[in-house]
J.: 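Attaching a single structure in C-alpha cells format; questions to follow.
Since the model is a prediction, treat every value here as computed from it, not as a measurement.
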Amino acid sequence: MEYDHSTFISPFTWRYGSEEMRHVFSEEHKRKLLRKVWVALARAEMKAGIVKKEQLEDLEKHQDDIDIDRAAEIESEIHHDLMAEIKTYAEQCPIGGGIIHLGATSMDALDNADAVRFKEALEIIQRRMKDLMDALAEKIEEYKETPTMAFTHIQPAEITTIGYRFSQSLMDLLDDYDDLVRFTSGIRGKGMKGAVGTAASYKELLSSSEMDALELEDEVMKELGIMAFDASTQTYSRKQDLKMISILSSIASTLHKFSLDFRILQSPPMGELSEPFGKKQVGSSAMPFKRNPINSEKIDSLARIVTSAYVPAWNNAALTILERSLDDSADRRIFIPECFLSLDEMLITEIKIVKNMGVHKSATDRLMNSYGIFSATERLLMEAVKRGGDRQALHEVIRDESIRCWQDVQEGRENPLRKRLSENKEILSFLTKEEILSYLDASSYIGEAVRFTDKVLSRYHQAK
C-alpha cells in the first residue's frame, strides 16, 4: 500500500500537524501498541502459569516487526483488521504465535492501545500549550502598560492595554491547561474484561491458577502505564472520548478567539498587530500589495474541525447499543486523529505568530488620538460631578459636544473634542482649562488593567 499525490490523501498526511503527532496516529505505531498489549497480556499469563517463558520471549523478539502489507493481504481475505494483525504477528512467532491474544476480545487490545496513544497525543498538546503560554506571557509583560483603544460591539469604547488584552487569552489557556492535565493524568483503558466486560474468558482461563482475573488485569495495565475503568461493556465508556474532545474543543475556542481578534487588529483601519511575513511571501495572486493574516485564518478554519468532532463523540457515547455496536468504529478512525492533528497545527502556528508578531505603536497612537478622548470624557464627567456639578446636565453637555466631534472623525478630520470641551463654559465653572486637558488624556485612563494583568501573570508563573 503506497500512496502518492495521484490519489486522494488527507491534508493531515502532509500539510497539517507535526511529524510527531502524525507518528502517534500512524498505522505502524498503532500496531506496535497492539503488540505491546499482547506482550503485556502474555507476560501476565506467564506469571499465572499459563504461558511459557520461551513463548513470551518469541513475542518480544518480533514485537516491532510490523508488516502492514502482509496484514492487509490477510485482511482482504478475512475482513477483520485485528485478526489480520494477530495472524501476521503469529506467522512471525513460530514458538509464541499460538498464545497471542489468549482470552482477549478485539477491544481488549484496541481500546487499551487507543488509551495509550491518546495519552501520548495529549502530552504533545500539553507541551505545545506550555510553549504558547511562555511566548504569550513574554508579550504580556512587555506590553502590559501600553495603552490602546478597547472595542465593544467592534466600536471604540474605553482604554485598555495591549498586555491586558492578551492576558484574557492567557487566562483562558491556563484554565484549558488545567483541564487538560487533569484529564490526561486520569485517562483509562478498558482493561482486560473480555467480550462483554465481565472477564468471563479470563476467569475460565485462570481457573487453575492462583491469579484471578482482576489481578491479571492489574498486571497488564501496570505495564501499559494506564489505569483501567472499573466497569466496561465490550468497550470502555465512550464518555471518555466525549470529555477528551470537549477539552480539545475548548482549547480550540481559545485559539479561535485570539486569532479572530488578531485578524481584526491586523486590518489596516486598526493596524495595531501584524503576523510575521516572509520576504518572498505572496499575499495575493491578484493584488501584490496584500498582507493577509493567513496563519490566523488557518487557525480559525482548523478550529471548526476540532469543534465539529463533538457531535460524533456525543453520538458514540449516547448511541452505542447495549454492550456493543460497531457504529463508532469508522468515525473514531477519522475524527479523533484529525482533531489532534488540527489542534497540533493550530498551536504550532500560534506559537510562531505570538513570538514574531509586529506590534505597531504608531497605529495605537492613531487610534488613541482619534477615539481615546471620547472614552476619557467619562473621567472628566466624574471629576466635574465630584466638584459640585449636576451629573445629568453635564452628561448632556459632553454628549452633545461628542456627537458633533464624532462627525469630524468620521469624515477624516482631526478630532476637535479636546479643544471644545476645554473651552466649554459650563465645564470651566468646575475645572480649569489645564485640568480639563489633563483629565482628557486617555493614555492614563486604564483603571487597574496593569494590576489585573499581573494577577494573570502571577498565576502563570505559579503554574510553571
Side-chain angles (χ1 to χ4, degrees), residues 29-53 55-60 63 82-83 85-86 89-90 93 96-123 183-244 316-317 320 322-326 328-329 332:
H29 187 58
K30 171 187 172 181
R31 290 165 193 263
K32 285 184 177 181
L33 288 176
L34 289 171
R35 293 188 179 198
K36 183 176 182 179
V37 174
W38 289 320
V39 168
L41 177 59
R43 182 171 289 109
E45 290 174 338
M46 185 190 74
K47 290 180 181 179
I50 298 168
V51 167
K52 296 177 181 178
K53 182 181 179 181
Q55 291 174 313
L56 172 62
E57 290 174 345
D58 195 25
L59 265 56
E60 291 175 329
Q63 188 171 344
L82 191 86
M83 275 302 300
E85 183 59 31
I86 291 171
Y89 195 11
C93 301
I99 57 90
I100 296 171
H101 199 67
L102 182 59
T105 190
S106 297
M107 301 312 295
D108 287 0
L110 286 165
D111 265 9
N112 287 314
D114 270 351
V116 171
R117 70 172 172 169
F118 294 165
K119 185 177 181 180
E120 293 172 344
L122 289 163
E123 288 170 350
F183 177 83
T184 304
S185 65
I187 198 165
R188 290 174 283 179
K190 176 193 171 182
M192 309 309 291
K193 293 186 172 67
V196 295
T198 64
S201 59
Y202 296 110
K203 183 175 182 179
E204 186 68 24
L205 189 65
L206 296 164
S207 59
S208 59
S209 171
E210 293 183 2
M211 183 183 289
D212 64 25
L214 274 67
E215 291 170 329
L216 178 85
E217 179 178 79
D218 286 344
E219 287 286 335
V220 174
M221 302 311 286
K222 191 183 301 181
E223 183 164 338
L224 296 179
I226 54 173
M227 300 178 293
F229 278 100
D230 294 335
S232 78
T233 58
Q234 192 170 100
T235 69
Y236 69 63
S237 171
R238 294 305 185 230
K239 289 280 284 185
Q240 177 166 260
D241 292 353
L242 180 61
K243 291 175 184 176
M244 180 173 70
N316 290 345
T320 297
L322 299 175
E323 278 66 48
R324 171 65 162 150
S325 52
L326 202 60
D328 67 339
S329 178
R332 290 178 82 249

J.: Which atom names give the shortest non-hydrogen contact between Tyr89 and Glu60, and what distance separates them?
T.: OH-N, 4.4 Å

J.: To the nearest 0.5 Å, what is the distance between NE2 on His29 and CG on Leu34?
T.: 10.5 Å

J.: List the residues meeting side-chain hydrogen bond (donor to acceptor under 3.5 Å, both in side chains) with Glu85, not counting sequence neighbours, and say none if there are none.
T.: Arg31, Arg35

J.: If I take atom CH2 from residue Trp38 and atom CD from residue Gln63, how far apart are they, to the nearest 0.5 angstrom?
T.: 11.0 Å

J.: Where is the tightest heavy-atom contact between Ala113 and Leu33, given as atom of each residue plus distance?
T.: O-CD1, 3.7 Å

J.: Strictly by side-chain hydrogen bond (donor to acceptor under 3.5 Å, both in side chains), give each pair with a member in residues 220-230 just once, sequence neighbours left out.
T.: Arg43-Glu223

J.: Search all heavy atoms of Gly97 against all heavy atoms of Leu59 and return the closest pair with its distance.
T.: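 Result for this residue pair: N-CD1, 4.1 Å.
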
J.: Return each pair, listed once, that meets salt bridge (Lys or Arg N to Asp or Glu O under 4.0 Å) where at least one residue sits in residues 191-201; pairs must be two or more places apart or across chains.
T.: Lys193-Glu217

J.: Could you list the residues that satisfy side-chain hydrogen bond (donor to acceptor under 3.5 Å, both in side chains) with Thr198, not counting sequence neighbours?
T.: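 So Thr198 forms no side-chain hydrogen bond (donor to acceptor under 3.5 Å, both in side chains) with any residue.
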
J.: For a quick test of reading the model, state the closest non-hydrogen atom pair linking Val220 to Ala40 and the distance between them.
T.: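 Closest heavy-atom pair between Val220 and Ala40: CG2-O, 3.8 Å.
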
J.: Identify, with sequence neighbours excluded, every residue that meets side-chain hydrogen bond (donor to acceptor under 3.5 Å, both in side chains) alongside Thr184.
T.: Gln126

J.: Quick one: side-chain hydrogen bond (donor to acceptor under 3.5 Å, both in side chains) pairs with a partner in residues 200-209, sequence neighbours left out?
T.: Asp108-Tyr202

J.: Work out which heavy atom in Glu210 is nearest to a heavy atom in Glu215; give both atom names and the distance.
T.: O-OE1, 3.8 Å

J.: Which residues pass the side-chain contact (heavy atoms from CB on, under 4.5 Å) test with Met83, sequence neighbours left out?
T.: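 Ile78, His80, Ile86, Lys87.
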
J.: For a side-chain contact (heavy atoms from CB on, under 4.5 Å) check, start with the C-alpha distance between Lys36 and Leu224, then their side-chain angles and the critical distance, and finish with the verdict.
T.: CA-CA 8 Å; Lys36 183 176 182 179; Leu224 296 179; 3.9 Å; yes

J.: Using the test ring-ring contact (aromatic ring centres under 6.0 Å, His included), find all partners of Phe229 that sit at least two apart in sequence or belong to another chain.
T.: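 So Phe229 forms a ring-ring contact (aromatic ring centres under 6.0 Å, His included) with Tyr236.
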
J.: State the CG-CD1 distance between Leu122 and Ile187, to the nearest 0.5 angstrom.
T.: 5.5 Å

J.: Check whether any side-chain heavy atom of Leu56 sits under 4.5 Å from a side-chain heavy atom of Glu45, and report yes or no.
T.: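 In short, these two side chains do not touch, never coming nearer than 4.5 Å.
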
J.: Apply the test side-chain contact (heavy atoms from CB on, under 4.5 Å) to residues Leu41 and Leu216: give CA-CA distance (whole Å), side-chain angles for both, the deciding distance (0.1 Å), then the verdict.
T.: CA-CA 8 Å; Leu41 177 59; Leu216 178 85; 4.1 Å; yes

J.: Going by the rule side-chain contact (heavy atoms from CB on, under 4.5 Å), which residues pair with Ala115 if we only count those two or more places apart in sequence or in a different chain?
T.: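 For Ala115 the side-chain contact (heavy atoms from CB on, under 4.5 Å) partners, ignoring immediate neighbours, are Ile226.
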
J.: Rounded at 0.5 Å granularity, tell me how far OG1 in Thr235 sits from CD in Gln240.
T.: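 Going from the OG1 atom of Thr235 to the CD atom of Gln240 covers 10.5 Å.
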
J.: Does any part of the side chain of Leu206, heavy atoms only, come nearer than 4.5 Å to the side chain of Asp212, both counted from C-beta?
T.: no

J.: Between Asn112 and Lys190, is there a donor-acceptor pair closer than 3.5 Å when you use the side chain of the first and the backbone of the second?
T.: yes

J.: Residues two or more places apart in sequence or in another chain: which of them pass side-chain hydrogen bond (donor to acceptor under 3.5 Å, both in side chains) with Gln234?
T.: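 Counting only residues at least two positions away or on another chain, Gln234 forms no side-chain hydrogen bond (donor to acceptor under 3.5 Å, both in side chains).
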
J.: Once side-chain contact (heavy atoms from CB on, under 4.5 Å) is applied, do any residues pair with Glu219, and if so which ones, sequence neighbours excluded?
T.: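 By the side-chain contact (heavy atoms from CB on, under 4.5 Å) rule, Glu219 matches Ala44, Lys47, Met211.
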
J.: Donor-acceptor pair, distance only, cut-off 3.5 Å: does the side chain of Glu323 make one with the backbone of Gly197?
T.: no

J.: In Å, rounded to the nearest 0.5 Å, how long is the span from CE of Met107 to CG of Leu326?
T.: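 Those atoms lie 8.0 Å apart.
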
J.: Measuring from atom CZ of Arg188 to atom OG of Ser237, what distance do you get when rounded to the nearest 0.5 angstrom?
T.: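 Here the rounded value is 8.5 Å.
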
J.: Could you work out, with side-chain contact (heavy atoms from CB on, under 4.5 Å) as the rule, every residue matching Asn316, not counting sequence neighbours?
T.: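 Listed in chain order: Arg238, Asp328, Asp331, Arg332, Phe335.
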
